[in-house]
Amino acid sequence: MIDLRSDTVTRPSAAMLDAMMNAATGDDVYRDDPTVNALEAEAAAISGKEAALFFPTGTQANLVALLCHCQRGDEYIVGQQAHNYKYEAGGAAVLGSIQPQPILAAEDGTLPLADVAAAIKPDDIHFARTRLLSLENTHHGRVLPLGYLEQAWHFTRERGLALHIDGARIFNAVVAQRVTLAEIARYCDTLTICLSKGLGTPVGSLLCGDSAYIEQARRWRKMTGGGMRQAGILAAAGRYALQHNVTRLQEDHDNAAWLAEQLRALGVEVISQQTNMLFVQVPSGQTEALQRWMHAADILISVGTRTRMVTHLDVCRADLQQVIARWQAFLQSAG
Ligand SMILES: *Cc1c(COP(=O)(O)O)cnc(C)c1O
């Protein structure tokens with residue numbers, strides 16, 4: 001199978017499984033799992049934050065981040081298409097009584113600060129209390145410019161808001177911008193990171209922030225059912241990924257760029273390509289046929305009129321050559 005649906009589909013490599021097999025473990029709810037503790041210390045160090053906390057999923061890490069930043073009746077400003085607004089089942093509203101205030105992202109994935117400013121509610125009994133700005137980096141593969149993050153940081157300081165970055169794919173930004181994680185994370189109070197996307201672990205996310213915040217997060221994590229016991233076997237995969245799978249993300253970016261270029265050469269309309277994602281336009285009459293055609297050749301793509309493809313460590317250039325050959329054959333048979 002060549003699976004371009006998402007970078008969540010990556011499987012642990014033999015070397016990663018080996019690291020998991022040999023992990024020292026303890027009981028992480030008692031805080032004595034040495035491998036979890038080591039992973040959290042490493043994540044804190046590379047993000048330049050005081051502390052970090054390991055979670056089973058990014059959805060839970062984002063939820064806990066919101067629960068820490070906002071009380072009942074508070075509000076966060078967030079992108080209309082952001083994962084922690086649209087794709088997390090309304091968790092902040094359901095479990096935290098936190099009101100989202102979604103606004104439209106600009107073409108480059110940023111939330112224009114003038115629009116954020118306009119969405120902040122005055123201190124008035126009619127309104128929820130605006131507490132937090134939540135950004136997503138990368139957003140649909142797009143890397144938020146550092147200059148924008150710096151402005152957003154100063155803006156939130158002036159307006160008394162906290163700033164959270166949903167950095168599920170933050171390492172794609174790190175690699176694309178050739179900066180350290182800390183150079184990005186200095187512009188946020190808190191940051192979530194997915195280990196289970198392009199970094200290739202089976203499970204795991206991290207929330208980074210200052211120590212008092214992470215202590216609070218630890219209680220919310222327990223309450224929401226994320227206190228795991230011998231989680232060291234999972235944390236070992238995360239440690240392996242941070243060590244071995246970050247710089248190689250460049251290959252995924254190069255592969256996505258190559259795929260975009262080849263599809264353009266076939267006459268396919270490429271809407272955008274950045275980091276490890278590309279979006280192409282497929283004529284609405286052809287979506288189902290293309291999906292079936294690809295699937296028959298063991299190629300998994302979620303085809304829509306706007307089709308997203310994601311490169312990752314389990315697809316190589318030769319796989320993508322097959323995808324191009326198959327796509328070309330489809331266009332010939334359809335044409
Ligand atoms: C995948 C993802 C998450 C977290 O997803 P989980 O599947 O719960 O780990 C959060 N934010 C973004 C932007 C994501 O892409």
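Both ligands and their constituent atoms are indexed starting at 1 by order of listing. Sequential numbering from 1 along the given sequence is applied to the chain's residues.
- If you check which protein heavy atom lies closest to atom 7 (O) of ligand 1, you get Thr59 OG1, 4.5 Å.
- Under a 4.0 Å criterion applied to the non-hydrogen atoms of Arg169, ligand 1 contributes the atoms 15 (O).
- Using a 4.5 Å heavy-atom threshold, the side chains of Thr192 and Val64 count as separate.
- Here's the thing with Asp166: one of its N/O atoms is less than 3.5 angstrom from an N/O atom of ligand 1.
- Inclusion of Lys197 in the set of residues having an N or O under 3.5 Å from an N or O of ligand 1 is warranted.
- Side-chain contact, Ser134 with Asn84: a donor N or O sits under 3.5 Å from an acceptor N or O.
- For ligand 1, the atoms lying closer than 4.0 Å to a non-hydrogen atom of Glu136 are 13 (C).
- Salt-bridge check for Asp252 with Arg169: failed, with every basic side-chain N at 4.0 Å or more from each acidic carboxylate O.
- In this structure, Arg229 places its CZ atom where more than 12 heavy-atom neighbours from other residues, nucleotides or ligands lie under 6.0 Å away.
- In summary, the atoms of ligand 1 found under 4.0 Å from a heavy atom of Asn62, numbered by their order in the structure, are 10 (C), 11 (N).
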(message) Checking Asp210 against Lys49 for the side-chain contact (heavy atoms from CB on, under 4.5 Å) test, could you report, in this order, the C-alpha distance in whole Å, the side-chain angles of both residues, the deciding distance, and whether it holds?
(response) CA-CA 6 Å; Asp210 70 34; Lys49 299 297 178 200; over 6 Å; no
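- Among the atoms of Gly58, some N or O lies under 3.5 angstrom from an N or O of ligand 1.
- Judged purely by distance below 3.5 Å, without hydrogens or angles, the side chains of His164 and Thr190 pair a donor atom with an acceptor atom.
- Close approach to Glu88 involves these atoms of ligand 1, each under 4.0 Å from a residue heavy atom: 10 (C).
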